[in-house]
Amino acid sequence: MILHTLIDYETLRLIWWVLLGVLLIGFAATDGFDMGVGALLPFVARNDVERRVAINTVGPVWEGNQVWFILGGGAIFAAWPPLYAVSFSGFYLAMFVVLAALILRPVSFKYRSKRDSARWRNNWDWALFVGGFVPALIFGVAVGNVLQGVPFRLDEDLRSFYEGSFFGLLNPFALLCGLLSVSMLVMHGGGWLALKADGMVAERARRFGSLAALLTVVLYALAGLLLWSFIDGYRITSAIVTDGPSNPLAKQVAHDPGAWFANFAVWPWLWIAPGLGLLGAALAGLALRTRSEGLPIIASGLSIFGVISSVGVAMFPFILPSSIDPRSSLTVWDSSSSHMTLFIMLVVTVIFLPIVLAYTAWVYRVLWGKVTESDVRQEAGHLY
């Protein structure tokens, strides 16, 4: 088992940092439009047929899309155990709310048409709204808190202690990030409905999606301005050991204004990421307004890539900073699994990730085409 020495520890840590970003972006770009459609459902569909049109645009693919969420959680558990331990315990109640909301979605899909009752179906449609809106909001709130630092500390035995509360997560900047997340995914959902639906559903989706795109631009710019002006970042002040054993306490960390923008000063080309976040959203809004079908979903996907990757490159090498004990902050260099573990996981990923991507592409190709009102009426027993 000396093959793992072919890739040094530092490189493996970087690879898995990138892969974690890929999984998070993949989840936001695929399951994101599912959540966006759910959040848009009460606004783009005015009767049962229109709601079924919207629901059936995501009905065949939402389960596959949600796999990215599972893969992301699994990758954190296996590649970054301290990150998994701190985040899933510290954000326990928030994650419980997210999972409860996500459970509503499959239940709503399966149950809404079990009774021919307008009230019954309307209740499940609102459950679909909750299943789209709430996770989008809380994921953004979580990112906002990570940027500010999470109130946890490690003792000398590397046991983690979380000293925050659920309601403490709902601070103004985190809520702003939550609203940004919602607007971004609603924009993405609007782009998906413009591509996959027709009639008034698609028309209303263009209208609300373009408004969400404008809101995404405004909120993203505002979040960046606040991050620059009022929120201190983190930087390592001691020698950085990139290939040593994982021990977060073996470093010194300072809490400084503007630290989250230091990487952009060193590598100016990183400004491409926030540029894509802004330009992608602006292009998506324009494409929706001009009634383009394919461009909005591509542009909103670019915006999602830009927004999420800009957070990652701004924080690098930090992945979970501590607000009460900066030395306990988790970084790429001191919170990963062993060299051997990362290598074995990489081999498995190289083999199976292309298979997952190929199968996903095949499914989308087979299920390509618009969902129309006539389809819903004619295939009443075969569609949601």
Side-chain angles (χ1 to χ4, degrees), residues 20-21 23-40 65-66 68-69 72-73 76 87-88 90-102 105 129-150 164 166-190 208-209 211-227 230-231 260 273-274 276-278 280-281 284 300-315 319-321:
L20 178 59
L23 293 174
L24 294 177
I25 292 171
F27 170 64
T30 55
D31 207 38
F33 66 70
D34 296 340
M35 290 187 281
V37 169
L40 279 170
N65 293 341
Q66 196 159 281
W68 290 94
F69 180 61
I76 293 174
S87 59
F88 278 68
F91 296 159
Y92 180 81
L93 288 178
M95 291 301 299
F96 181 85
V97 173
V98 167
L99 292 176
L102 289 177
R105 183 165 55 181
F129 168 80
V130 172
F133 179 86
V134 170
L137 178 69
I138 293 182
F139 286 139
V141 167
V143 172
N145 279 280
V146 168
L147 284 167
Q148 297 174 92
V150 177
F166 174 78
F167 292 103
L169 299 175
L170 306 179
N171 55 78
F173 180 76
L175 288 174
L176 172 66
C177 292
L179 293 176
L180 169 59
S181 176
V182 171
S183 64
M184 182 174 68
L185 297 188
V186 166
M187 167 187 68
H188 201 42
F208 286 105
L211 292 175
L214 175 61
L215 190 59
T216 299
V217 171
V218 172
L219 292 177
Y220 185 48
L222 179 59
L225 180 62
L226 292 176
L227 200 62
F230 301 105
I231 296 176
W260 286 149
L276 284 176
L278 290 170
S300 61
L302 287 175
S303 180
I304 288 172
F305 172 84
V307 170
I308 296 177
S309 61
S310 66
V311 174
V313 299
M315 292 180 57
I319 51 179
L320 192 66

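It should be emphasised that the depicted structure is a prediction, and the values quoted were computed from it without experimental measurement. The figures here come from the full heavy-atom set of this structure, side chains too, leaving out hydrogens, waters and symmetry mates.
The shortest distance between side-chain heavy atoms of Leu176 and Leu180 does not fall below 4.5 Å. Here the side chains of Leu185 and Ile304 are in contact, with some heavy-atom distance below 4.5 Å.
Here Phe139 pairs with Phe27, Phe69 under the ring-ring contact (aromatic ring centres under 6.0 Å, His included) rule; sequence neighbours left out. Qualifying side-chain contact (heavy atoms from CB on, under 4.5 Å) partners for Phe305, counting only residues two or more places apart in sequence or in other chains: Ile25, Leu276, Ser309. Ala142 pairs by the side-chain contact (heavy atoms from CB on, under 4.5 Å) definition with Phe91, not counting sequence neighbours. When the side-chain hydrogen bond (donor to acceptor under 3.5 Å, both in side chains) test is applied to Ser87, no partner is found at least two apart in sequence or on another chain. Residues passing the side-chain contact (heavy atoms from CB on, under 4.5 Å) test with Leu93, sequence neighbours excluded: Phe166. The side-chain contact (heavy atoms from CB on, under 4.5 Å) check on Leu227 picks up Leu147, Phe173, Ile231, Trp260, Phe261, with sequence neighbours excluded. Residues meeting the salt bridge (Lys or Arg N to Asp or Glu O under 4.0 Å) test with Asp31, sequence neighbours left out: Arg105. Partners of Ser181 according to the side-chain hydrogen bond (donor to acceptor under 3.5 Å, both in side chains) rule, which considers only residues two or more places apart in sequence or in another chain, do not exist here. Remark: Ser303 pairs with no residue by the side-chain hydrogen bond (donor to acceptor under 3.5 Å, both in side chains) rule, at least two apart or across chains.
The minimum heavy-atom distance between Ala39 and Val186, with the atom names listed, is CB-CG2, 4.0 Å. Residue Gly168 comes nearest to Asn171 through the heavy atom pair O-ND2, 3.3 Å, listed as atom of the first residue, atom of the second, then distance. Ser183 and Leu215 get closest at one heavy-atom pair: CB-CD2, 3.9 Å. Scanning all heavy atoms of the two residues, the minimum distance from Met187 to Ala284 falls at SD-CB, 4.0 Å. Shortest non-hydrogen contact noted between Ala28 and Ile308 is CB-CD1, 3.5 Å. Taking every heavy atom of both residues into account, His188 and Ala29 meet most closely at NE2-O, 2.7 Å.
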*Quick one: do Ser300 and Phe33 satisfy side-chain contact (heavy atoms from CB on, under 4.5 Å)? Show the steps, please.*
CA-CA 10 Å; Ser300 61; Phe33 66 70; over 6 Å; no
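If you take SG on Cys177 and CG on Leu219, they are separated by 9.5 Å, rounding to the nearest 0.5 Å. Here CD1 of Ile138 is found 10.0 Å from CZ of Phe133. Values are rounded to the nearest 0.5 Å. Leu179 contributes atom CG, which lies 12.0 Å from atom CE of Met184 (distance to the nearest 0.5 angstrom).
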Solution key, residues 94-102 side-chain donor-acceptor pairs under 3.5 Å, sequence neighbours excluded:
none

